[in-house]
Novice: 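Quick one: structure below, then a few questions.
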Number of protein chains: 2
Amino acid sequence: MEDRPKATRNGRAAAKAKQVEAELIAVVVSVNDGEPAVLTIGQGDCLPSGPFALEHRSLQSGLRAWVEQQTGHPLGYIEQLYTFADGDRADDGRQQRVISISYLALTRKEHATGASSCAWRSWYDYFPWEDHRLGTPKLIADVLKPRLLAWAADAEQNATRSERRRRAAIAFAFEDRSWNEELALKRYELLYEAGLMAEATRDRRSVASDSTAGTAMIADHRRILATGLARLRSKIKYRPVVFELMPPAFTLLQLQRTVEALAGRLINKPNFRRLIEQQELVEETGKMSLDTGGRPAKLYQFRRAVLDETAVAGTKLPLARG
Amino acid sequence: MEDRPKATRNGRAAAKAKQVEAELIAVVVSVNDGEPAVLTIGQGDCLPSGPFALEHRSLQSGLRAWVEQQTGHPLGYIEQLYTFADGDRADDGRQQRVISISYLALTRKEHATGASSCAWRSWYDYFPWEDHRLGTPKLIADVLKPRLLAWAADAEQNATRSERRRRAAIAFAFEDRSWNEELALKRYELLYEAGLMAEATRDRRSVASDSTAGTAMIADHRRILATGLARLRSKIKYRPVVFELMPPAFTLLQLQRTVEALAGRLINKPNFRRLIEQQELVEETGKMSLDTGGRPAKLYQFRRAVLDETAVAGTKLPLARG
DNA sequence: CCCGTTTATAATCCATTCGACTATAAGGGG
DNA sequence: CCCCTTATAGTCGAATGGATTATAAACGGG
């Protein structure tokens, strides 16, 4: 059985043909006054990114270095999102492949970010159909729904037509289905496929659609952003990651507003409080917040201890069903 | 703002220093007669893998090609697990980095795999402490617990000692905590850190421990396997992936045994049936299985339609709590 | 100073979920 | 025919979690 590490040996022998460049991309998220924001560079159409190089000790430290260099912002919590190859880069004629490794980072805005050419932009600039806190956005019924149905009707085969209609109905809660905020990535992919994203028309070199929604980004950065959004919306339901976005002391309503900003939907207040308390995620600081506008609220802090305990329990947040 | 795609441009300008090799690694899982198996090559100490090369259209197709070449086994369902860099490869003096992109694949054994040098091995050969179907393995109380406690006591600082004890207690359900099958990766990491895995003593070039548990693998392959195990145990609870492991027609008990094999714990039978049925995951084929040993059982098949519907619902499986 | 507004905080109601258990049905073998 | 095995149906009860109501405490305006 001398051929055991065959693959690796072959790879090294003929390594020349198998060299790739690895790119690190970050979705850096914060929430300020109930608005979820993402850290962008350029004209707000680009996520912080850079190649993984020899001087980086690890993928994570490489990512931290690039983000700090490009935005002046140090990162706390980070988690890997997804790795993919050959977006639209292979078509420039060079025989060089790029692998993109994307990360989700949670932080707080506060750090004054010097004069870098970076900016915090609201998630919902890029995905205006995702914010359901004030009800279903009109954009959906006025623009997206008719366009999606037209796209479905465009299909040649009958089966394809009904499949497209069903996919759209599930993703966007047509035909009185209930809205599912975790489907953010599926919705982006559907809109891309239907030619409603500026990126799609650009990539296909086809005629620009008469109606595209949300702010576009370079390459596949908006897709990566959608991936981060979907991951975060899913994760806040079973892991206490929200606290990475909170200041050291906060009121329960501030915590709720942060979750709502991420989920893009409103939460029942008493139930939210009950769940937070019975899970012992927070403890009182003893101080009160006076600038609530009404009755002063207790200030709480995250119980760091649960970061170990919770590995067992799983932390749920009550996101009301439609 | 002409410096927008700065990172990428820099990367290309000085590309020479930033070349890496990308390796694809597969955890291929099947379940046969209630035994969960993983596809290995070599002496059962190596997962199928190979470099990502120019001829591969995508990461996934590259992975499929390597697995099929090395094992003769075509893959169905695959999902990305994790990407990591610089395992223990950077220390051989070469200035060359390797990025490993790991995948989880679910399949069925059936395909006669020619005469390749590959073999199906039980998961629990590598993680004997993970199978709790017949009660808690004696290995835990007899070997792991004393060794872990000794490791905890070894720490110099008081805080470190109590932290190690707490981590061990959570992961292995000491001090009458309840067993959580999803912590498989944490358990492996803990045992590695405590020097109980042959890989750890090998990596550190330290004296081999007097007691190591389970079959070791090359490099970090056993860690990757643990990652796949943990991911799968988590995922079967909210997505209907189990059916990728089932034959076209099966009895409800066979389905239950498969879930139990993956989870490493037993499930309450009436509750399992109730959950499967009320979620409409399966439909009757009209045929019966006669070789049950008792009363004949209805044969069911997976309702492919739920693969779309379920995007909304989330499919739970009742894994009884300790 | 009262009173309406705003927010905080506590308590209750109720449908659903889900673990645990019991009971009945239908095959085979001695 | 009894007894083993497994299949299948039904019940009980605790806990979860969504929805609603009630009370408390600040502020500001008339």
Side-chain angles (χ1 to χ4, degrees), chain A residues 33-34 132 178-181 236-238 249-260 263 265-301 313-322, chain B residues 33-34 132 178-181 236-238 249-260 263 265-301 313-322:
Chain A
D33 304 320
H132 287 231
S178 61
W179 178 259
N180 184 342
E181 70 278 359
I236 52 174
K237 292 179 184 169
Y238 61 95
F250 48 84
T251 70
L252 291 183
L253 186 58
Q254 285 172 339
L255 182 63
Q256 179 179 344
R257 294 287 176 243
T258 302
V259 174
E260 289 174 337
R265 60 167 24 183
L266 296 180
I267 300 175
N268 182 283
K269 186 159 149 181
N271 294 345
F272 180 80
R273 301 173 62 90
R274 175 178 61 187
L275 207 60
I276 297 296
E277 282 164 354
Q278 82 187 14
Q279 286 184 137
E280 299 180 311
L281 292 174
V282 297
E283 59 196 358
E284 301 182 7
T285 62
K287 297 178 183 172
M288 304 286 283
S289 169
L290 292 173
D291 47 356
T292 58
R295 171 176 166 178
K298 289 179 186 168
L299 283 169
Y300 291 85
Q301 63 192 13
T315 301
K316 296 164 194 165
L317 293 175
L319 293 168
R321 295 169 192 151
Chain B
D33 305 320
H132 287 231
S178 61
W179 177 259
N180 183 342
E181 70 278 1
I236 51 174
K237 293 181 185 168
Y238 61 95
F250 48 85
T251 70
L252 291 184
L253 186 58
Q254 286 171 338
L255 183 63
Q256 178 179 346
R257 294 285 177 245
T258 303
V259 173
E260 290 174 338
R265 58 167 30 183
L266 296 180
I267 298 175
N268 182 282
K269 186 159 150 180
N271 293 346
F272 181 81
R273 301 174 61 89
R274 178 178 58 187
L275 208 60
I276 296 297
E277 283 166 351
Q278 81 187 14
Q279 286 184 135
E280 299 182 310
L281 291 175
V282 298
E283 58 195 359
E284 300 182 8
T285 62
K287 298 178 181 171
M288 304 286 283
S289 169
L290 292 174
D291 47 356
T292 58
R295 170 177 168 178
K298 288 179 185 167
L299 282 170
Y300 292 84
Q301 62 192 14
T315 302
K316 296 165 192 165
L317 293 175
L319 293 167
R321 297 168 190 153

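Protein chains get the first letters and strands the later ones, always in sequence-line order, with residue 1 at the start of each. Side chains are part of it too, since the values below use all heavy atoms of this structure and drop only hydrogens, waters and symmetry mates.
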Novice: Closest nucleotide of DNA chain D for A:P296 versus for A:Q278: which of these residues is on the 5' side?
Specialist: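 Comparing both residues, the 5'-ward one is A:Q278.
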
Novice: Taking atom types as they are modelled, would you say the side chain of B:R273 forms a donor-acceptor pair with the base of D:dG10 within the 3.5 Å cutoff?
Specialist: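 No, the side chain and the base share no sub-3.5 Å donor-acceptor pair.
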
Novice: Under the side-chain contact (heavy atoms from CB on, under 4.5 Å) rule, what do A:V259 and A:F272 come out as? Steps first, then yes or no, please.
Specialist: CA-CA 10 Å; A:V259 174; A:F272 180 80; 4.1 Å; yes

Novice: Just wondering, do B:E181 and B:H132 contact through their side chains at under 4.5 Å, heavy atoms?
Specialist: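 With C-beta onward as the side chain, the pair stays apart.
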
Novice: Ignoring hydrogens and angles, does a donor from either the side chain of B:R274 or the base of C:dG19 sit under 3.5 Å from an acceptor on the other?
Specialist: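 Yes, the side chain and the base share a sub-3.5 Å donor-acceptor pair.
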
Novice: Please name the pair of heavy atoms, one in A:A297 and one in A:T251, separated by the smallest distance, quoted to 0.1 Å.
Specialist: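 Minimum heavy-atom separation between A:A297 and A:T251: CB-CG2, 3.8 Å.
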
Novice: Counting only distance, no hydrogens or angles, is the base of C:dA8 paired donor-acceptor with the side chain of A:R295 under 3.5 Å?
Specialist: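 Counting by modelled atom types and ignoring angles, a donor-acceptor contact under 3.5 Å is found here.
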
Novice: To the nearest angstrom, how far is B:M288 atom CE from D:dT6 atom C1'?
Specialist: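 One finds 11 Å between C1' of D:dT6 and CE of B:M288, rounded.
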
Novice: Heavy atoms from C-beta onward define the side chain here; which of C:dC18, D:dA7, C:dA11 lies closest to that of A:P270?
Specialist: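 Per side-chain heavy atoms of A:P270, the pick is C:dA11.
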
Novice: Determine: side-chain N/O of B:K298 to OP1/OP2 of D:dA7, distance under 4.0 Å, yes or no.
Specialist: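 So the side-chain polar atoms of B:K298 never come under 4.0 Å of the phosphate oxygens OP1 or OP2 of D:dA7.
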
Novice: Given A:V282 and A:F250, is the side-chain contact (heavy atoms from CB on, under 4.5 Å) satisfied, shown in steps?
Specialist: CA-CA 10 Å; A:V282 297; A:F250 48 84; 4.0 Å; yes

Novice: Could you state the atom-to-atom distance from CG of A:N271 to C1' of D:dA19 in whole Å?
Specialist: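 Rounded to whole Å, this separation is 7 Å.
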
